[in-house]
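Report on the following structure.
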2 protein chains.
Amino acid sequence: MDSMPEAPRRRATLDSVAEVVGVSKATVSKVLNDRPGVSEATRLRVHDAVRLLDYAPTTRAPESGGRRRILVLFDTLANLYSLRMLDALLAGGHAADVEIVADVIAPLDPGPASRLEPHRIRALWQRGYAGLLVVTTQLSRDALRVCAELDLPVVSIDPPNALDPDVASVGSNNWSGAMQATEHLLGLGHRRIGFVGGLATHAGLRERRAGYRSALEAAGLDEDSALVSEDGMVSAGPEAVRMMDLVDPPTAFFVSSDPGALAVMRELARAGLRVPDDVSVVGYDDTYAALPAPVLLTTVHTPLDEIGRTALSTVLAMIEGSAPLSHHLQLATSLVVRESTAAPRG
Amino acid sequence: MDSMPEAPRRRATLDSVAEVVGVSKATVSKVLNDRPGVSEATRLRVHDAVRLLDYAPTTRAPESGGRRRILVLFDTLANLYSLRMLDALLAGGHAADVEIVADVIAPLDPGPASRLEPHRIRALWQRGYAGLLVVTTQLSRDALRVCAELDLPVVSIDPPNALDPDVASVGSNNWSGAMQATEHLLGLGHRRIGFVGGLATHAGLRERRAGYRSALEAAGLDEDSALVSEDGMVSAGPEAVRMMDLVDPPTAFFVSSDPGALAVMRELARAGLRVPDDVSVVGYDDTYAALPAPVLLTTVHTPLDEIGRTALSTVLAMIEGSAPLSHHLQLATSLVVRESTAAPRG
DNA sequence: GAAACAACGCGAAAATGTTTCGCACAGTGC
DNA sequence: GCACTGTGCGAAACATTTTCGCGTTGTTTC
């Protein structure tokens, strides 16, 4: 018995493409590099053959000449959270000599149809990314299965849900952060503390709610459902004003995002209430630190730099083949007391 | 007599490096690609020779999945201007099926030494970027020369200085924008209008100053140097407060950036002055539009989306080989009147 | 209408860089 | 002294890009 009867289907090479088209490999090379000196007809035929044979240049030595490329997918860039995360990742990319490519999942169509579908994952993989970082976005089970098939390492940053325990994730301890914020207000003497949260579809936001409740309970207080809003951040301001009209209004608000906190402060100011004299406000994430607001926000600082660095080194470790340190890292938050909180009146 | 007696100093090649070190080109190649099978001593000697000869491989990195890659270099990501620009560029990248790679020039070292040096440009070219977009950053003449040599198209977005007329640039009409802002205040009845600008090293900021002055002159007013500050944005707030202490204080401020305007509003508020009741404030760039500030900022809207799209299509056209529509595009600004301006008191 | 000319498309060969494979040599065990 | 083994390196094979010249085609000139 000699070797296998059929050809072992070697990878397509420039010569094989040239042979199929019936031109020289020089011509094929020119087409692939968009060099002049080739007719449009030949150009088209070469492209067809390249597609047909699924040709890819071999000089691509994935781990050699070119640097590794990591794709970072944001749900949106329209907030400072994304910006600071990107900044941290770029710094980490420089340090590790990898190329960080940022993209938004659906820059044109914000509809729910533009999720990360399996075919999209395959397209990403074909583009040669060595790893994938997904920021505050849920990956479907199908998408994850495709990633596993393609051996494409994925790390989720601040995942909305801990859907799959096998997916590595890096985030911060939301429950503890909310505890810190609420305990700060309790420590100032507040007893009626409103909670203005985002939609409870995000696990992190649910954890913040739970932390808020735990802090209240630890202080011997019951949660008052009239003081809790989870309608999403667009209605944060009106919701806060609504609570202030209650017979026993809150003296402080814990708002589970910084933009939401700013919206609350804005609406309170329009309603004639001063922060922190009349009402205290605590935000979350510390993404607006550099912003010279009239009243600087007391907020929970999430270590985005550290989260970014950790996520990057995790995905790099996975690319190298080693298992990540832990599948679900949560970094510690810290409270930053600025100007928007004070002891309640009287 | 034959040709020139001395060698014309050709570009270093693998063979020349190998000759200098006294090894084969295979060994040099292994060193450069971090392949095993080379002793540490040889590795070091090769690295030395590479540095000495300033060797760079002539073959470029292959394009990712066939798509072109455009590098966008920001001076910093720590502001919403960069964020919105990046967002616009990513959207344009999706539309044109090119990969947008964002990076900051010096993520670690903010010193002036980290400019875009020629060798850095070569490194970029080697990584296979088809074009370069530079945001609010000056390129040195040397760097531009290298770009021209390498045939690497460059488009400057909002360049600090119109150094080289041959470099394509896309920006907005700063002079006209400042005119609009100042005319708005004049139209409301203001006659004492303070100008708080950034450092006048940036051409765009100088143009804004000129537009401010032109509007005043068109209204028959003289510029009062006591009402002009160009100390940079860090001192914007204190400068505004200082002007309010003048015997004939301004009734309005034109601040030539949005963060600066917010800083001014913050300091005015701390000094007990209400905006817009006591003082009006106009900002510039409209980068904080989505921000729920207590008083929404009246500002000059610069069309960052359009600027980004235009810059991207310009660099793509240059890659295709066609000349850009124009070398120095300036897009029109528009005034967005919100809450921070009103007629002067009494 | 023919000769001269210009432009373009293409391939052979040279140039450049990467990978494979085998040789030489040093150290080690018997 | 002989076999064995691992390491460092280079020759040659391989993959791709670039240069340069040749032939074809279409156009202008007389």
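Chain letters run A, B, ... following the sequence lines, proteins first, then strands; residues in each count from 1. None of these values were measured; they are calculated from a predicted model. The figures that follow rest on heavy atoms only: side chains count, while hydrogens, waters and symmetry mates do not.
- Atoms CG (B/L14) and P (C/dG17) sit 5 Å apart, rounded to a whole Å.
- The pair A/D48-A/R45 does not meet the salt-bridge criterion, since no charged nitrogen lies less than 4.0 angstrom from a carboxylate oxygen.
- When only modelled atom types and interatomic distance are considered, B/T136 and B/D158 share no side-chain donor-acceptor pair under 3.5 Å.
- Two residues are said to be in side-chain contact when any heavy atoms from C-beta on lie closer than 4.5 Å; B/R51 and B/H47 meet this criterion.
- With rounding to whole Å, A/R45 atom CZ is found 13 Å from C/dG9 atom P.
- Close to C/dT16, at under 4.0 Å from its OP1 or OP2, lies no side-chain N or O of B/Y55.
- Between the side chains of A/D103 and B/H94, at least one donor-acceptor pair of N or O atoms lies under 3.5 Å.
- Formation of a donor-acceptor pair under 3.5 Å by the A/T137 side chain with backbone atoms of A/V135 is found in this model.
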With 3.5 Å as the limit, what N/O pairs link the protein to nucleotides 11-14 of chain C?
residue : atom : partner : partner atom : Å
C/dG11  : OP1  : A/S24   : N            : 3.4
C/dG11  : OP2  : A/S24   : N            : 2.9
C/dG11  : OP2  : A/S24   : OG           : 3.2
C/dG11  : OP2  : A/T27   : OG1          : 2.6
C/dG11  : O6   : A/K30   : NZ           : 2.6

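- In this structure, B/T13 reaches the C/dG17 phosphate: one of its side-chain N or O atoms is under 4.0 Å from OP1 or OP2.
- Comparing B/V28 and A/E40 by the nucleotide of DNA chain C that holds the closest heavy atom to each, the one mapping nearer the 5' end is A/E40.
- Proximity of a side-chain donor or acceptor of B/T13 to a complementary backbone N or O of B/S16 within less than 3.5 Å is not detected.
- Considering only side-chain atoms of B/T42, the nucleotide from D/dT16, C/dT19, D/dG8 that sits closest is D/dG8.
- Phosphate proximity of D/dT18 to A/R35: present, with a side-chain N or O under 4.0 Å from OP1 or OP2.
- For C/dT19, neither phosphate oxygen OP1 nor OP2 lies less than 4.0 angstrom from any side-chain nitrogen or oxygen of B/S29.
- When rounded to the nearest whole Å, the span between CD of A/E19 and P of D/dA15 equals 13 Å.
- Computed from coordinates, the A/L32 CG to D/dT18 P distance equals 12 Å when rounded to whole Å.
- If you take CZ of A/R43 and P of C/dG9, they are 9 Å apart, rounded to a whole angstrom.
- No salt bridge links A/D87 with A/R84; every basic N to acidic carboxylate O contact stays at or beyond 4.0 Å.
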